[in-house]
Amino acid sequence: MGLFTPKSAPLVGVDISSTAVKVLQLSQAGTRYRVEHYAVEPLPPNAVVEKGIVEVEAVGEAIRRALARSGARTRFAAAAVAGSAVITKVIPMPAELSDEDLESQIQAEANQYIPYPIEEVSLDFEVIGPIRDNPEMVNVLLAASRTENVDMRVAALDLGGLTARVVDVEAFAMENAFGLIADQLSVSRDALVAMVDVGATMTTLIVLKNQRTIYSREQVFGGKQLTDEVMRRYGLTYEEAGLAKRQGGLPESYEIEVLEPFKEAMVQQISRLLQFFYAGSEFNKVDQVVLAGGCASIAGVSEMVEEQLGVPCCVANPLANMALAPKVQAQALAQDAPALMIACGLALRSFD
């Protein structure tokens, strides 16, 4: 270690979704972040199905291409597994335990919280804080995922030329990135905020209170349904349909016959997810909806959510207050920003 080398090697955040690999690397000067490197690289159809990696070589290749395009030089990465692949439980533990004792105690007790054989599971935990009425106890967040979910991501990164330093959970990465957009919202810091990430095949809702997640849920719905409909109706290939969605050039009927019904369906899905949350909690309204994911960029969708749900709605831009390195294309980045919440939350792990 030289005198002037940074304490830890920077991490590149790698978000592996069902249709693309997104890589993002940030740097920090004072309280301001800067986007150093970024790229989005499409994946072949069905290489990743509902967030599970099926073709590890194809994903590895896409990571390699994305890295090359982004110009990132770092060899260390943070990736995430989907919430549906993770079991999280908050368990009470004696406050006086050291980290080592806590770890062995959790290992010993974990099998009562986890429905898989313990040897097939990757575990991690974090002390959240003291229990309100019982200062001798602390709440510990336990997260467990089947080792194969973690291993597949580690293997894909490896094939892409990266070493996994952190494997996070997507909902935690979104919560981490939420800190960047909290100031853009018109509600107070302790407000109840629903962040809805509508990706290609999965829609994830996380509800935050005081900027901490109190609820998360996923369901199968996403922009791929729009792509499929464009393919079917206009006789295009998967690649052509994806391109036409982004760049235009479809017949005039597209807006009314294809896009509007999809937007309606998206609002319905968001409404349904919120109903699930209300049904199982003391709340019956959120203060703000924040849209993220690739589908958040569809023109007019946030206005439609606001109108139909009666809740203020905005589109997430976690990079709004960041400086950009000279090579980063501002226009492309602005378009991709809502889809970069997870990548952003992962890239922030560099500064833990």
Side-chain angles (χ1 to χ4, degrees), residues 8-26 35-86 120-122 124 145-174 197 199-202 204 218 222-224 227 237-239 242-243 293-294 327-328 332-333 336 339-350:
S8 58
L11 297 175
V12 57
V14 181
D15 174 17
I16 301 166
S17 76
S18 301
T19 54
V21 168
K22 308 175 189 88
V23 300
L24 179 69
Q25 187 184 338
L26 305 175
V35 179
E36 293 295 339
H37 302 284
Y38 123 91
V40 178
E41 185 66 34
L43 281 168
N46 303 320
V48 175
V49 176
E50 285 173 25
K51 304 276 178 93
I53 294 178
V54 180
E55 294 171 28
V56 72
E57 286 83 9
V59 177
E61 277 303 306
I63 292 172
R64 189 180 289 280
R65 288 195 302 273
L67 273 179
R69 278 230 331 266
S70 75
R73 292 270 173 271
T74 179
R75 288 293 152 249
F76 298 106
V81 291
S84 52
V86 179
E120 293 177 14
V121 168
S122 298
D124 203 0
S145 181
R146 294 190 75 137
T147 303
E148 65 194 77
N149 294 319
V150 176
D151 289 350
M152 288 295 260
R153 274 166 166 64
V154 171
L157 289 169
D158 203 32
L159 288 169
L162 290 167
T163 302
R165 276 282 166 88
V166 174
V167 179
D168 206 335
V169 179
E170 288 183 354
F172 296 167
M174 276 167 67
D197 186 300
T201 60
M202 298 288 267
T204 306
E218 293 178 339
K224 188 172 178 298
T227 312
T237 66
Y238 176 78
E239 284 76 17
L243 214 56
K327 291 196 296 286
V328 175
L333 187 66
D336 286 328
L340 292 173
M341 284 295 283
I342 291 169
C344 211
L346 293 170
L348 288 172
R349 295 294 300 264
S350 281

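Side-chain contact check for Tyr238 versus Leu243: every heavy-atom pair is 4.5 Å or farther apart. Under the 4.5 Å side-chain criterion, counting only non-hydrogen atoms from C-beta, Ser18 is not in contact with Val49. The shortest side-chain heavy-atom distance between Leu11 and Val166 falls under the 4.5 Å cut-off. Using a 4.5 Å cut-off on side-chain heavy atoms (C-beta onward), Leu159 and Glu61 make no contact.
Between Ala62 and Val21, the closest heavy-atom pair is CB-CG2, 4.0 Å. Closest approach of Ala156 and Ile63 over heavy atoms only: O-CD1, 3.6 Å. Contact detail for Thr74 and Gln25: the closest heavy-atom pair is CG2-OE1, 3.4 Å.
The distance from atom CG of Leu346 to atom CG of Leu340, rounded to the nearest 0.5 Å, is 11.0 Å. To the nearest 0.5 angstrom, Asp168 atom CG is 4.5 Å from Arg349 atom CZ. Note that the CD atom of Glu218 and the OG1 atom of Thr204 stand 4.5 Å from one another [nearest 0.5 Å]. Within the model, atoms NZ of Lys22 and OG of Ser70 stand 14.5 Å from one another, a figure rounded to the nearest 0.5 Å. Going from atom OG1 of Thr19 over to atom CG of Asn46 covers 11.5 Å, rounded to the nearest 0.5 Å. One finds the CZ atom of Arg65 at 4.5 Å from the CD atom of Glu41 (value rounded to the nearest 0.5 Å).
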- Message: Set out, in order, the CA-CA distance, both residues' side-chain angles and the distance that settles side-chain contact (heavy atoms from CB on, under 4.5 Å) for Leu162 and Arg75, then state yes or no.
- Response: CA-CA 5 Å; Leu162 290 167; Arg75 288 293 152 249; 4.0 Å; yes
- Item | Derivation and outcome, side chain to side chain donor-acceptor pair (under 3.5 Å), residues Asp151 and Thr147 | CA-CA 6 Å; Asp151 289 350; Thr147 303; 5.5 Å; no
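Between Lys51 and Glu170 there is a salt bridge, with a side-chain nitrogen of the basic residue lying less than 4.0 Å from a carboxylate oxygen of the acidic one.
Listed for the Arg153 side chain is a donor-acceptor partner under 3.5 Å among the backbone atoms of Ala80.
More than 12 heavy atoms of other shown residues, nucleotides or ligands fall within 6.0 angstrom of atom CZ in Arg69.
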